[in-house]
Amino acid sequence: MSEVLLEVSGLTMRFGGLLAVDHVEFNVKSDEVFAIIGPNGAGKTTVFNCVGGFYKPTTGNIVMDGKPIQGLPSHKVAQHGLVRTFQNVRLFKSLTVLENLLVAQHTHIETGLVQGLLKTPSFRRSELEAQKRAAEWLDFMGIREYANREAGNLAYGHQRRLEIARCMITQPRLLMLDEPAAGLNPQEKRDLQQLIDLLRKEFGVAVLLIEHDMSLVMGVSDRILVMEHGKPITTGLPEDVRTDPRVIKAYLGEE
Amino acid sequence: MLKLQNVHTYYGAIQALNDVSVEVNKGEIVTLIGANGAGKTTLLMTVCGSPRASSGTVTFLDEDITQKDTHTIMQRGIAISPEGRRVFPDLTVAENLKMGGFFLKRDEIEAGLNHVYTLFPRLKERANQRAGTMSGGEQQMLAIGRALMTKPQLLLLDEPTLGLAPLIIAQIFDIIRTIREEGVTVFLVEQNANKALQVADRGYVLETGKVVLADTGANLLLNDEVRKAYLGA
Amino acid sequence: MGNNIKNALIAAVMAGVIIAPVFGLQIVRSGMQTHLKPEWNMILSGMAIVFIFQMIRPVFGRVFKSSGKKRSMPVLTEPMRRGLIFLLIALALVWPFTTGRAQVDIATLVLIYVMLGLGLNIVVGFAGLLDLGFVGFYAVGAYTYALLYHWAGWGFWEALPFAGGMSALFGFLLGFPVLRLRGDYLAIVTLGFGEIIRLMLINLYTLTGGPDGISGIPKPTVFGFPMARRAPEGVTTFHELVGWNYDTQDVIIYLYLMALCLALITLFVSNRVIRMPIGRAWEALREDEIACRSLGLNPTRIKLSAFTMGAMFAGFGGAFFAARQGLVNPESFTFIESALILAIVVLGGMGSQVGVILAAIILTVVPEIAREFAEYRMLIFGLVMVLMMMWRPQGLLPVKRPQVELKA
Amino acid sequence: MSEILPQLTQQLFNGLSLGAIYALIAIGYTMVYGIIGMINFAHGEIYMIGAYVGLVTLSAIGVGSGLPLVVIILIMLIVAVLVTGVYGYAIEKVAYAPLRGGPRLVPLISAIGMSIFLQNWVAIGQGARDMAVPALVTGSFQFQMGSDFVVTAPYSRIMIIVVTVLMMIALSLFIKYSRVGRASRACSQDLRMANLLGIDTNRIISFTFIIGAMLAAVGGVLIALAIGKLNPFIGFIVGIKAFTAAVLGGIGSIPGAMLGGVLLGLAETFAAAYISSQYKDIVAFGLLVFILLFRPTGLLGKPEVEKV
Amino acid sequence: ADTIKIGIPQPMTGPATQYGDQIQAGALTAIEAINEAGGVKGMKLEPLLIDDGCEPKQAVPAANRVINEGAKFAVAHACSGTTVPAVNVYEQEGIVAITPGATSPLVTDTIKPHFFFRTIGRDDQQGPFAAKYIINTLKPKTVAILHDKQTYGSGVATQVRDNLSKDGVNVALFEGINVGDSDYSAVITKLKSLDPDLIYFGGYHAELGLLLRQAREQGLQTQFMGPEGVANKDLVAIAGPAVEGLLVTLPADFTKLPGNEKVLENFKKANRSPDGAFTLTAYAAVQILVDSINAVGQDPEKVADYMHSNTFNTAIGKVEYDAKGDLKEFEFAVYKWDKEGKLEQLKL
Ligand SMILES: Nc1ncnc2c1ncn2[C@@H]1O[C@H](COP(=O)(O)OP(=O)(O)OP(=O)(O)O)[C@@H](O)[C@H]1O
Ligand SMILES: Nc1ncnc2c1ncn2[C@@H]1O[C@H](COP(=O)(O)OP(=O)(O)OP(=O)(O)O)[C@@H](O)[C@H]1O
Ligand SMILES: CC(C)C[C@H](N)C(=O)O
Ligand SMILES: [Mg+2]
Ligand SMILES: [Mg+2]
């Protein structure tokens, strides 16, 4: 069995009088796809924000790979190998696709000022390597041909891919995707599903997924957490969740 | 009711609509489908006069509105739930809705609010929450509710189901049907082509700024090309 | 047409209202009393001009519209940009030897502003941080040299790195607490810092000479030999050394060449740095801070580096300014100076180095030319600023961002 | 010392009256910023022009005209408000409207240019020298406190405080309850969306500039009467202070502008009184920095939430 | 060239315009009179009017302009704030310049110029003179001193303070105020509770005008005193009746000087007023330049040497220079303002 990578327990987030997340508990193993679903406003994105360090949870423990990370600022969390995409795509729009990927490698490459000014060999090497890695990812995502375009001008589906590539190039342990299929057409959704599968298999990264598109969720997830009103209702395998009457009532509706 | 004839629209040098002609009749639900970047949003916004068509004409209720200012057009009885929702983030939910009913009388506003609240109970629960802090789906509901508040004759919906839970998506399509019953004409842009074509009387398919297909919703659902490209069959 | 006349009439009336209290009815004082001296023809001619202008404007409009769909700015391509830079440098090199004293003098001033503009460009153009107190760092640089000279007798060359370093340190220390502020809040706080620095310079009388500032600051030496008419006992001046006759023109040209060197270094660094990881990080941060954080980039650190580096160039500029001027006082570092530098950056087309250079030229030369018009000088300057912005809202020379290309 | 309390009272009054001035002008900044997100640096100049128009009007009427004082001041205010309203409208149309939609800093520079232009426009028209404004409102409210310290509150300054408070209340009610006011709230959130709801955003923007200009003019006239000296450059410093006040209070918020203005006025006054005039601006700006460190969006500004 | 250019960089805009006007009046009248009498060695004098706004940052450009226009002589800068930076330029370029207005010691003390001169006294004459008057005649127990934080204002205020303190007068307050502020009530309240016997202000009229007006408004009736930079008609307009009783130190009234009948006639002919503290100092500056050029020709180096080693008879009396271009002797007097804004010279 694979070990637990992320362990969230007793997570609670309160906004004024509103309990957006209420004692949520789950763990993600190092090679699984774990999905969170639930009605709008259930608190899914808020869970992401707490885990990713964008909000400071009211209470709760978040342990990544044995190290507590709750309360750390988001860039520190990211350095623990936990990166995310956003519900609304957040690319560096006026930078090129390639540059988006170079920025993402900032913490991994030679950033010395003097080296850069003098274009020392080590600096050149580091730049070239970064470009090579970026090129590999662009190939992998099938958007190599847009490498020199401004990211903001890409079609939406491609922007989603780029956002994922930008996460992956930081060599994360856990990839968090917030509604990655929103705004994609059915064909693109299917591509996305394959991509998620591949990422897990090829790169051994765990995926934490929020999504409203059931065919995608049921297709890729190993386990699913269902939330409603900030509380976890159930955690289980896709088949179980799909047929759980509580889930159907709160979320899926009768088909 | 709404008629676009040979419309061309540009963003600076980029052409987004190329010789588009589209018609929406009173009482219909018309849907527009197309891939990302096909120009769907642009088409809706051209109706609103922002950006303006650089050639061709847009007529609404037999009036040429091509060169009219956005606010004039919108006051003629058009409402939009725009792409990206664009709720007023610092205003509360209730205030957002009231802004929708800006030109209404006080009692009409009350009635409108009640109407929206029955459609979206969540909005009533959160009437005093600042809209910017609502979840993605909640904001989407608010955007639709706000558009309904204006009591439009023609409702433009730009991907209204984006980010909504399955249950709510079903509800939204129900609502679209309901408001049509109430006499509102609906012009709908959707990624969810399957569902959209099911409710729509007619549909248009847009590809890179051009209308490539126009037919009834039912026929389009059966059309092979459409099935392949947009329905994922 | 009728509508047109109506609009023109309304505009004319408004013009009347605008002109009347300022030009039309002049306040004249006689003893303790004031009375008005009406200048009706002033008002009427103003109204007439506006009326006529409004009437013919639609015609103009048509002419402009028919020429080209949308006035999209020509964007400089990379080879054009390089060509232009080399052209500018070549011009800068022959300039002092082909023109007169006044021209060289103004050109030196231009170069100081180029340096400052490029420095602020890093902060505002690259990193997107609105800094309205840039002049503070300029002041720190100038005073660092002035004080080192005054209290310790340092020369320009020894003091220069300290001036840059001191400004950078100030940038770092001031930036640290405030860089988490957003947009315009940052702007006003930096404005406040700029003012605080200036006021401190006025108030710390014993250290800085207060409003009098520090004078008698020596010009840069040439390898240790001063460029001056007379030197202190026992020191050989440069003209004595090489056996020239003393000519102020030489000094001015020498200063100009110094400024050119410093400006070129600034240009080189800012040009390099934007193609380096740190430069990319600045731009990324300008676009989306949250996304940056989600990728593990520390926003405070990155912003600070931009702020500090910009401040450092301001410091160099300041030290040079002190040397050229021979005197520093707080008056030279008022807010309006910050505004001018910012105007250079914006007019240049944020982030565009060639643009900044051209804008520095325009905004320095215009007020000098406008001196001909005596009291209309600043009026013209203000007007030019407004018109420039309307004419070129994207900046004089918007460039394509320098991009790393992925080769096939 | 028995004089501490009376002195404190006097300084409190001084600070309030200075703060009221800042507040009145700060509103204009706050409103314009709220709606189009632009720092209108030329706003201080409108205040200056308002003061000049007041003086021109006064000279036209003549000090010894026999009209009751209230009437004279009212006429001055009305004329000043009308003229600056036109100024506000015209400036927006000429210098800012064409730039809308462009890069964000462009209107800022245009505004700085406009500010320089207007200063010199008046300097050429009316001369760059100091103009004296006759003291119309003389006399003061006095009461003895302590052994021999007479607290003095000149009527001209009491007038400023009263008028500022009244304007503030009127404006707040107006924004809250009138149609235009509500429309301007929508515009300040999302101009494009407001437009899509059928609101004529251009009119709202013009309106904002006009109201802002009018308030500045009221300030200009009242202050000219209280201070008695004018020159074309008075607008700039006051403008920067007022802008600081607006930010301090939370830019975009009208009560915030009031609070920020008063706080700034008090801070300056007390710094001058108990530290040294030399340090009063340092204290003022220091306070600004200090407060923003703890409340990054000003005292009454809503914390910026960006939902990710 | 067939003319000799004389640069006259002076405030033509801004609050100090009054002083620029006086200097222009003096210099132009002198130039016209000399041209009428046949010029200098057959060449006419050509005045170059340049604005320096009395702003330090315009000083160097204005001075450069003098040079760029080809003038080798100047009647330069009214204000100390502009003169101090400009002196460097004149000295570097070897331009002979005379200031008829700037009184700050810094003008000549910092670089001990060879080419720069004054036709007015220094504040380390004016300050001690004022202090002496205060001690001998006013005999205050406590004095408060304010200044405008500028070269001239703070300089002369410091002089007064040091001289008063030296003689045991209690200077209870010494504080700078901001130029351009319009509200000084805080500092006035402070003065009110301090209740000094005299308030000395170092600076220009605009600020003093407001101080006076606001002081009286708050019921502070203390005697005010200031240096020659406050003595200006505009002061009366700003302060109104509050100006009554103000004491100022000014150069002596040179219009009454015996031997100046001819000069006054020239003013009458030119239809200009000889009044004002700096009109005749400017007139004298032109006289000195002309005398020197007449003697040694147009080489600035020689002119400067000549000026250092000779005595001149001018509209302000006999003039003699020390090594750094300061007058060997200059006289100030104390004046008092009345309600109408007229000045009356006080007997010492
Ligand atoms: N900053 C905040 N302040 C106040 N309330 C907030 C804030 N952020 C989120 N909320 C509230 O918390 C609840 C959970 O929001 P969240 O965004 O996590 O929902 P979600 O499950 O992601 O929904 P969706 O599927 O619609 O995106 C919502 O009701 C929302 O209104
Ligand atoms: N403001 C803009 N400036 C420049 N180009 C734009 C702008 N908005 C849209 N475009 C371009 O116009 C084309 C049509 O865009 P539009 O947003 O209308 O597509 P869409 O069909 O709505 O796509 P989606 O499904 O992603 O919403 C695209 O190529 C897009 O890049
Ligand atoms: C013209 C004078 C008022 C100038 C003053 N004496 C000064 O030195 O600044
Ligand atoms: Mg969400
Ligand atoms: Mg769209």
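Every chain is numbered from 1, with letters handed out A, B, ... down the list of sequences.
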Based on non-hydrogen pairs under 4.5 Å, which of [options] is most in contact with chain C?
options: D:Ala95, D:Gly113, D:Gly127; result: D:Gly113
options: D:Ile39, D:Ile251, D:Asp281; result: D:Ile251
options: D:Asn120, D:Val133, D:Leu293; result: D:Asn120

Please round to the nearest 0.5 Å and tell me the distance separating atom [atom1] of [X] and atom [atom2] of [Y].
X: D:Ile75; Y: D:Leu67; atom1: CD1; atom2: CG; value: 5.5 Å
X: D:Tyr22; Y: D:Lys241; atom1: OH; atom2: NZ; value: 4.0 Å
X: D:Met31; Y: D:Ile210; atom1: CE; atom2: CD1; value: 10.5 Å
X: D:Met48; Y: D:Phe233; atom1: CE; atom2: CZ; value: 8.0 Å

Using the side-chain contact (heavy atoms from CB on, under 4.5 Å) rule, take D:Ile36 and D:Phe209 through it: C-alpha gap first, then chi angles, then the decisive distance, then the call.
CA-CA 10 Å; D:Ile36 52 176; D:Phe209 272 87; 3.8 Å; yes
Sub-4.5 Å heavy-atom contacts with chain D: which residues of residues 121-131 of chain C show up?
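Near chain D, by residue number: C:Val124, C:Leu130.
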Heavy-atom pairs under 4.5 Å with chain D are the metric here; pick the option from [options] that has the most.
options: C:Asn203, C:Leu181, C:Val386; result: C:Asn203
options: C:Met350, C:Arg180, C:Met388; result: C:Arg180
options: C:Val345, C:Val346, C:Ile188, C:Val17; result: C:Ile188
options: C:Leu199, C:Leu191, C:Ile380, C:Val189; result: C:Leu199
options: C:Val384, C:Ile196, C:Leu340; result: C:Ile196

What part of [X] is in contact with chain D, defined as an atom under 4.5 angstrom from a non-hydrogen atom: side chain, backbone, both or neither?
X: C:Ile197; answer: neither
X: C:Leu347; answer: neither
X: C:Met200; answer: both
X: C:Ile202; answer: neither

[X] side chain to [Y] backbone, donor-acceptor under 3.5 Å:
X: D:Asn231; Y: D:Arg129; result: no
X: C:Gln26; Y: D:Gly125; result: yes
X: D:Gln126; Y: C:Pro21; result: yes
X: D:Ser115; Y: D:Ala111; result: no
X: D:Thr84; Y: D:Ala80; result: yes

Do C:Phe333 and C:Ser338 touch side chain to side chain, with heavy atoms closer than 4.5 Å?
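Result no, sub-4.5 Å side-chain heavy-atom pair not found.
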4.5 Å side-chain heavy-atom contact, D:Met214 and D:Val83:
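Contact flag for D:Met214/D:Val83 side chains = no.
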Please determine whether a side-chain nitrogen of the Lys or Arg among C:Arg198 and C:Glu331 lies less than 4.0 Å from a carboxylate oxygen of the Asp or Glu.
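Looking at C:Arg198 and C:Glu331, the cut-off is not met.
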If the contact rule is any heavy atom under 4.5 Å from chain C, which residues of residues 49-61 of chain D qualify, in numerical order?
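When heavy atoms of chain C are the reference, residues 49-61 of chain D contributes D:Tyr52, D:Val53, D:Leu55, D:Val56, D:Ser59, D:Ala60 within the under-4.5 Å range.
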[X] portion near chain C, given a 4.5 angstrom heavy-atom threshold:
X: D:Leu105; value: both
X: D:Tyr96; value: neither
X: D:Val94; value: both

In sequence, state the C-alpha distance, the side-chain angles, and the governing distance for D:Tyr33 and D:Val247, and then conclude on side-chain contact (heavy atoms from CB on, under 4.5 Å).
CA-CA 10 Å; D:Tyr33 186 90; D:Val247 174; over 6 Å; no
Report the C-alpha separation of D:Tyr87 and C:Val22 in whole Å, then their side-chain angles, then the decisive distance to 0.1 Å, and conclude whether the side-chain contact (heavy atoms from CB on, under 4.5 Å) test is met.
CA-CA 12 Å; D:Tyr87 264 91; C:Val22 177; 3.4 Å; yes
After noting the C-alpha distance and the side-chain angles of C:Leu36 and C:Val28, does the key distance pass the side-chain contact (heavy atoms from CB on, under 4.5 Å) rule?
CA-CA 6 Å; C:Leu36 295 179; C:Val28 182; over 6 Å; no
Test ring-ring contact (aromatic ring centres under 6.0 Å, His included) on C:Phe335 and D:Phe41; report intermediate values, then the result.
CA-CA 12 Å; C:Phe335 165 70; D:Phe41 263 107; 5.4 Å; yes
